[in-house]
Amino acid sequence: MTKSKGLTAVFSTLALLACLNSQASAAQCGNGPGGFEAWKQQFAGEARAKGIGGAGVAALMGTNYVSATIAADRSLHSFKLSLDQFLVKRGAAAIVARGRAMKQRNAALFASIEQRYGVPPGPLIAIWGMETAFGSQRGNQNMLSSIATLAYDCRRPEYFTDQLYAALKLIDRGTLSGNQRGSMHGEIGQTQFLPKTMLEYGVGNLESASGALSSTANFLKAHGWRAGAGYQPGEPNFAAIEQWNAAQVYQKAIALMGRQIDGGE
């Protein structure tokens, strides 16, 4: 072995050891409640190293493993339905009927949002109705416990680790509390924002209609929404709706209901 090859081998070994040490120090995911408390201790250390303050860490340590969240995460069957089946299951006709009334009742608000963000009322109202029945069903789970459970769970820890860090930052800032209530996956507010989305696109109070709808319009605009362009499948703004929710049947439902609310067939 030449000297250069020897050095290369040494550096490769050191790099491998560093990688293994990094993996070993990372909080380990699990598939049940048994390891959750140990995971919290590990994650708290990582959170402090990333600049999360005392309020965020204390809130994290107060979380509990939520079996109901795991059950919900494993049973998203409605997204496997056909579009017609999905519309019936979600009560699309009622959402459209009430949505048209909400559009008239809040005409000034929707005009202001469209002027600022370029997003018409229809898709916003469809999302509002689909997510929380116009703010009436926002969930009653502890937001932070739900997100911590999903960050610990081995199914998709990377995605929810990002959400957990965002939630802890918002708690440190005083924007959220550790007692915030939300839906099964930790979504909060009248259009169900996850913490990272709230951190990046939230405008005002998400528990209010104006704040939630403005935030949703801000999200869509940031994801390429163009004022005046169409938003049905194949049209320019449908791509922004695709960024709101990954389920194709949900995306098509929002576009269809939005068109009906906005006066189309």
Side-chain angles (χ1 to χ4, degrees), residues 23 26-44 46-47 59-92 95 126-133 136-168 170 176 178-199 206 216 219 241-254 257:
Q23 292 175 350
Q28 299 299 300
C29 71
N31 292 305
F36 186 65
E37 292 301 319
W39 173 88
K40 284 198 305 188
Q41 294 286 348
Q42 289 180 295
F43 196 93
E46 296 173 20
L60 170 67
M61 298 311 295
T63 59
N64 299 305
Y65 183 87
V66 187
S67 296
T69 286
I70 296 300
D73 193 55
R74 302 292 190 268
S75 61
L76 297 173
H77 300 309
S78 66
F79 290 148
K80 298 177 183 178
L81 299 173
S82 70
L83 177 58
D84 287 343
Q85 291 170 328
F86 184 79
L87 290 169
V88 171
K89 184 174 180 63
R90 291 299 188 96
I95 290 174
I127 289 170
W128 190 20
M130 182 87 84
E131 293 288 353
T132 66
S136 66
Q137 300 174 17
R138 286 175 254 178
N140 196 34
Q141 296 292 320
N142 179 277
M143 174 273 298
L144 195 62
S145 286
S146 293
I147 291 174
T149 297
L150 291 165
Y152 160 72
D153 184 62
C154 286
R155 182 168 179 243
R156 40 184 175 158
E158 294 85 2
Y159 179 81
F160 280 100
T161 292
D162 286 345
Q163 299 296 339
L164 181 54
Y165 276 125
L168 297 178
L170 289 166
L176 292 178
N179 296 320
Q180 172 73 43
R181 313 306 286 184
S183 295
M184 283 295 183
H185 288 74
E187 308 97 325
I188 62 173
Q190 294 207 22
T191 53
Q192 299 287 272
F193 270 45
L194 283 166
K196 187 177 180 183
T197 314
M198 178 181 176
L199 194 64
L206 294 177
T216 305
F219 175 95
I241 293 176
E242 289 178 311
Q243 296 303 309
W244 177 262
N245 189 296
Q248 292 183 357
V249 69
Y250 182 104
Q251 298 160 2
K252 292 175 181 177
I254 291 299
M257 288 190 292

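Index from 1, following the sequence. Just so you know, these numbers come straight off a predicted model, no measurement behind them.
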- [ ] Using only heavy-atom distances, determine whether the side chains of Gln85 and Ser82 contain a donor-acceptor pair under 3.5 Å.
- [x] yes
Task: For Gln42 against Gln28, the heavy-atom pair lying closest together - done: OE1-N, 3.4 Å
TODO: Provide the closest heavy-atom pair for Tyr250 versus Arg90 in the form atom of the first, atom of the second, distance.
DONE: CE1-NH1, 4.4 Å
Task: Heavy-atom check, side chain of Trp244 versus side chain of Ile254, under 4.5 Å - done: no
- [ ] Determine, step by step, whether Arg74 and Asp153 satisfy the salt bridge (Lys or Arg N to Asp or Glu O under 4.0 Å) criterion, reporting the C-alpha distance in whole Å, the side-chain angles of both residues, the deciding distance to 0.1 Å, and the verdict.
- [x] CA-CA 11 Å; Arg74 302 292 190 268; Asp153 184 62; 2.9 Å; yes
Open item on the list: So, taking the atom named OG1 in Thr197 and the one named CD in Gln243, what distance separates them when rounded to the nearest 0.5 Å?
Closed with: 11.0 Å
TODO: Compare all side-chain heavy atoms of Met257 with those of Met130 and state whether any distance is below 4.5 angstrom.
DONE: yes
Open item on the list: Give me the atom names and distance for the closest heavy-atom approach of Ser146 to Thr69.
Closed with: OG-OG1, 3.2 Å
TODO: Hey, could you give me the CD/CD distance between Gln192 and Gln137, rounded to the nearest 0.5 Å?
DONE: 10.0 Å
Task: Which atom of Thr161 lies closest to which atom of Phe43, heavy atoms considered - done: CG2-CE1, 3.8 Å
Task: Heavy-atom closest contact (Met61 atom, Ala44 atom, distance) - done: SD-CB, 3.9 Å
Task: Close side-chain approach of His185 and Gln163, heavy atoms under 4.5 Å - done: no
Open item on the list: Just checking Tyr65 against Trp39, ring centres under 6.0 Å apart?
Closed with: no
Task: Distance in Å, Glu46 CD paired with Gln41 CD, rounded so as to fall on 0.5 Å steps - done: 12.0 Å
Task: Pair Phe160 and Tyr165, ring centroids less than 6.0 Å apart - done: no
Open item on the list: Side chains of Gln190 and Trp128: any donor to acceptor distance under 3.5 Å?
Closed with: yes
TODO: Drop me the distance from Leu60's CG to Ile147's CD1, to the nearest 0.5 angstrom.
DONE: 11.5 Å
Task: Rounded distance [0.5 Å steps], CG in Asp84 versus NZ in Lys252 - done: 11.0 Å
- [ ] Taking the side chain as every heavy atom from C-beta outward, state whether Met143 and Pro195 have any atom pair closer than 4.5 Å.
- [x] yes
Task: 4.5 Å side-chain heavy-atom contact, Ile188 and Met198 - done: yes
TODO: Would you mind reporting whether Arg155 and Asp73 have side-chain heavy atoms less than 4.5 Å apart?
DONE: yes
- [ ] From the options Leu164, Thr149, Asn64, select the one residue that forms a side chain to side chain contact (heavy atoms under 4.5 Å, CB included) with Leu144.
- [x] Leu164
Open item on the list: Is there a side-chain contact between Val88 and Phe86 in this structure, where contact means two heavy atoms from C-beta onward sitting under 4.5 Å apart?
Closed with: no
TODO: In sequence, state the C-alpha distance, the side-chain angles, and the governing distance for Gln141 and Ser183, and then conclude on side-chain hydrogen bond (donor to acceptor under 3.5 Å, both in side chains).
DONE: CA-CA 6 Å; Gln141 296 292 320; Ser183 295; over 6 Å; no
Task: Residue pair Asn142 / Gly178: nearest heavy atoms and the distance that separates them - done: ND2-O, 3.0 Å
Open item on the list: In the structure I gave you, are the side-chain heavy atoms of Tyr159 and Leu194 within less than 4.5 Å of one another anywhere?
Closed with: yes
Task: Separation between CE of Met184 and CG of Leu150, rounded to the nearest 0.5 Å - done: 11.0 Å
Task: Check against side chain to side chain contact (heavy atoms under 4.5 Å, CB included), Phe219 and Thr191 - done: CA-CA 11 Å; Phe219 175 95; Thr191 53; over 6 Å; no
